[in-house]
Colleague: 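The following block contains the structure, expressed as structure tokens.
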Amino acid sequence: MPLQPRAAASATPTPLPFLVKATGKFDGNDGQWSTFDLKIGNPDQEFRVLVSTSGEVSWVPLAEGCVATSDTGPLPSNCSDTRGVDPSGASSTLLGYNASLSKASDPQTLGTYQLQLNPDLDIDNFGTAYNISATYYQDSFQLASGVSSSDGSSLQLTQSDTVFAGVADANLWVGTIGLGLGDVTDLSGGNETSFMQSLVDGAHIPSRSWGYTAGAAYKSNGGYSGNLVLGGYDQSRFDSTHSASFTMPQSNQQSLLRVNLKSLEIGSWSPPLDTFPAEVILDSTLPYMYLPDNMCDALAQQLGLQYDNITDLFLVNDTQRATNQNIGSITIILQDISDMSTQTSISFPYAAFDLTASFPIYTDGPRSYFPLRRSVNGQNTLGRVFFQEAYVIANYEQRNFTVAKTTFPSQAPAPQITPIYSSRFPSPTPTPPSHHGISGGAIAGIVIGAVAAVLLAVGAWFLFARRRKAKGKADYEKQQFEDEEAERRRRQTMISTVGTEDGTMVSYEMDTIPQRAESGAGRPGHHRQISELSSDTDTSRGGGRKTRMSEIFELEGGAPDTMALQRNEQRVNEPPPSTQRTNSDHIVSPTTPLSGAP
């Protein structure tokens, strides 16, 4: 049978999340905000951009925004730089995106349409100042990664034919990357895919979900850069123990992160209770907090704010600003709309709200302001200012979002990127065993052999233990016998038979309970007394054999002193002395006990 070529893999490998590189700079005319690298076209036209968590389309400044007119008056010499245009790219004189400079595969100008900052809301919800026309283009986008490759080079994410907008209006000063869902509508009679959806379709990221914190210019040592992950989030930049997950309402407004504002506390003060709870949207497109009139009035009175009806900003004079800087903290408490028991709080230093508005908002110099605005059409929003101390994770796959406390370690931590998977790119499953591996029969044989080896080992151990037990018992019985035998020999009665003077054989029994004594040789021994029976007749007691006491010594361990025994035997066999015995001599009858009375 001829070999068949292996079929090509049908499934696209699951892509990884993408950590977007922060520029390390802070840009903006409504505050200082951490920006991210974005390159458009070929050769690159580079921009430092912000993040719009609800916008379906990204946008960058056009050169026309830095051309002086009678309305703008004189422009600053670094106009394009303040708008985030990086002249180190395609041209050192670049003032904004220029489609004619791009030699990408198919750059297109799609036409001029109304820019929707949040397509899920009415266009006037941000105010009439943001009713802006923009020119739409299609060109390649390139993002640099915040993670380097193994050889140290920077990773890139490139998406061709990306739809974006060019803006010249001064009300939108710095460009943005749009993270909203859905299609970009009303372009040339049709729809275009959003930036996030195009990244999923191109298998660049596993889902349309994201994790984001805006950074904090007010932190020490030059500020702390923002963090943006496409298709996941970075665990190293938030405190998971200080967080809450909220339900994302099931509606056509797919990108909206709705939650209840339960309270807003300034030190120990909070606005009147009748202002809470207020439903708000989390959206980083603009810096402001859009809140109900009564809440704005209460905050303005507490903080000494002055409302400017021309710019619609709440200004702070120098004296009041110095006073406000002594405020310990401003705390925002959020609550889930459907489950009010789910809530979290995010605390901010006053510095997070101490912003500066500059050209072209104010052409006569920068002004300090508090990022508060009155709600339009009843729509409340917590803007980019909230994302400075909050890390927000939008999980569109599970229809929930998480708000956590951002962390600011003294040294930037190593990224801990976690993916959020989608139905198109589900979580990878373990690789099944290869068909070229060990067969089922071989595996069964290995198992049977292993079981047999275990049984043999158990049997050998049993025999060894049994023999060891039997040997131990025999050794114990042998030792017990030897001990008993030694005890028997030690305690046995020692009998010495000697002859008397009249030729009669008499037996002498030694005491078996020794008494400590010292031998004549200086050795420890056991002292014994025996009776020597004599044929002599004691004249004072009317005759009978006379007993003479002698000593023998028994050494330790029960063995008698044989030399002493021999001496006693010799003394028994000697003739009786000629000296007369005294009454002190003990006369004992053979039938009378040694302890008995005479």
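Positions are given from 1, in the same order as the sequence printed here.
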Colleague: For D201, is there an ion pair with R424 - N to carboxylate O distance below 4.0 angstrom?
Modeller: yes
Colleague: Is the backbone of S102 close enough, under 3.5 Å, to the side chain of N42 for a donor and an acceptor to pair up by distance?
Modeller: no
Colleague: Report yes or no: does R258 contribute a side-chain atom to a donor-acceptor pair with the main-chain N or O of E279 at less than 3.5 Å?
Modeller: no
Colleague: Does the side chain of Q325 pick up a donor-acceptor pair with the side chain of D354 at under 3.5 Å?
Modeller: yes
Colleague: Looking at every heavy atom in both T407 and F238, which two are closest together, and how far apart are they?
Modeller: OG1-N, 3.5 Å
Colleague: Indicate, with yes or no, if the rings of Y233 and Y391 have centres closer together than 6.0 Å.
Modeller: no
Colleague: Distance check, rounded to the nearest 0.5 Å: I361 atom CD1 versus I310 atom CD1?
Modeller: 13.5 Å
Colleague: Among residues two or more places apart or on two chains, list those pairs meeting disulfide (SG to SG under 2.5 Å) that have a residue in residues 17-66.
Modeller: C66-C79
Colleague: Taking it one step at a time, do Y362 and T311 satisfy side chain to side chain donor-acceptor pair (under 3.5 Å)?
Modeller: CA-CA 9 Å; Y362 290 102; T311 60; 2.8 Å; yes
Colleague: Once you measure the plane-to-plane angle for F141 and F195, does it fall in the parallel (<30°), tilted (30-60°) or perpendicular (>60°) bin?
Modeller: tilted
Colleague: Do the rings of Y137 and Y97 sit parallel, tilted or perpendicular, given the 30° and 60° boundaries?
Modeller: perpendicular
Colleague: Do we see a donor-acceptor contact under 3.5 Å between the side chains of T213 and N227?
Modeller: no
Colleague: Are there more than 12 heavy atoms of other residues, nucleotides or ligands under 6.0 Å from atom CG of D339?
Modeller: yes
Colleague: Using only atom types and a distance under 3.5 Å, with no angle test, would you say the side chain of T135 pairs donor to acceptor with the backbone of G166?
Modeller: no
Colleague: Using side chain to side chain donor-acceptor pair (under 3.5 Å), reason through E389 and T406 one step at a time and then give a plain yes or no.
Modeller: CA-CA 5 Å; E389 295 281 340; T406 301; over 6 Å; no
Colleague: To the closest 0.5 Å, what do you measure between CG (D318) and CZ (R321)?
Modeller: 7.0 Å
Colleague: Could you tell me if the side chain of L291 sits less than 4.5 Å from the side chain of L261, heavy atoms only?
Modeller: yes
Colleague: For residues P17 and V229, report the shortest heavy-atom separation together with the two atoms involved.
Modeller: CB-CG1, 3.9 Å
Colleague: Hey, is the main chain of S236 close enough, under 3.5 Å, to the side chain of D234 for a donor-acceptor pair?
Modeller: yes
Colleague: Side chain to side chain donor-acceptor pair (under 3.5 Å) for T193 and S198? Distances and angles first, verdict last.
Modeller: CA-CA 6 Å; T193 304; S198 67; over 6 Å; no
Colleague: State, without any angle test, whether S140 and S160 hold a side-chain donor-acceptor pair at a distance under 3.5 Å.
Modeller: no
Colleague: Would you say the side-chain atoms of T35 and T23 include a donor-acceptor pair closer than 3.5 Å?
Modeller: yes
Colleague: Within the 4.5 Å heavy-atom criterion, are F276 and K262 side-chain neighbours or not?
Modeller: no
Colleague: Closest heavy-atom contact between A390 and V403?
Modeller: CB-CG1, 4.2 Å
Colleague: Could you tell me whether the side chain of Y421 reaches within less than 4.5 Å of the side chain of T14, counting heavy atoms only?
Modeller: yes
Colleague: So does G231 get a backbone contact from the side chain of S209, meaning a donor-acceptor N/O pair under 3.5 Å?
Modeller: no
Colleague: Any side-chain heavy atom of V259 sitting closer than 4.5 Å to one from V280?
Modeller: yes
Colleague: Any donor and acceptor pair, going by atom type alone, linking the side chain of Q197 with main-chain N or O of R208 inside 3.5 Å?
Modeller: no
Colleague: Taking only residues two or more places apart in sequence, or in another chain, which ones meet F314 in a ring-ring contact (aromatic ring centres under 6.0 Å, His included)?
Modeller: Y307
Colleague: Quick one: does any side-chain atom of D336 pair with a main-chain N or O of T247 as donor and acceptor, under 3.5 Å?
Modeller: yes
Colleague: So does V147 get a backbone contact from the side chain of S145, meaning a donor-acceptor N/O pair under 3.5 Å?
Modeller: yes
Colleague: Once the angle between the rings of F348 and F386 is folded into 0 to 90°, is it parallel (under 30°), tilted (30 to 60°) or perpendicular (over 60°)?
Modeller: tilted
Colleague: Using every non-hydrogen atom in the two residues, find where P287 and P371 come nearest and quote the distance to one decimal.
Modeller: O-CB, 4.0 Å
Colleague: Does a salt bridge link D239 with K405, judged by any charged N lying under 4.0 Å from a carboxylate O?
Modeller: no
Colleague: Does this structure show an ion pair linking K39 with D86, if we count only N-O contacts that are shorter than 4.0 Å?
Modeller: no
Colleague: Answer yes or no: is there a donor N or O on one side and an acceptor on the other, between the side chain of Q306 and the main chain of N317, under 3.5 Å?
Modeller: no
Colleague: Does F408 have K219 sitting over its ring (NZ/CZ under 6.0 Å from centre, angle to axis within 45°)?
Modeller: yes
Colleague: Would you sort out whether S270 and S263 count as a side chain to side chain donor-acceptor pair (under 3.5 Å), showing the intermediate values?
Modeller: CA-CA 7 Å; S270 61; S263 182; 4.6 Å; no
Colleague: Is a donor on one side and an acceptor on the other found under 3.5 Å between the side chain of S422 and the backbone of F425?
Modeller: yes
Colleague: Check whether more than 12 heavy atoms from other residues, nucleotides or ligands sit under 6.0 Å from atom CD of Q416, and answer yes or no.
Modeller: yes
Colleague: For the residue pair S52 and T285, what are the closest heavy atoms and their distance?
Modeller: OG-OG1, 2.6 Å
Colleague: State plainly whether the residues D297 and R374 are in salt-bridge range, i.e. N to O under 4.0 Å.
Modeller: yes
Colleague: Any idea which heavy atoms bring A412 and Y224 closest together, and the distance?
Modeller: CA-OH, 3.7 Å
Colleague: What I'd like to find out is whether the side chain of L313 reaches to under 4.5 Å of the side chain of R367, using heavy atoms alone.
Modeller: no
Colleague: In terms of ring plane angle, is the pair Y212 and F387 parallel, tilted or perpendicular, where the classes change at 30° and 60°?
Modeller: tilted
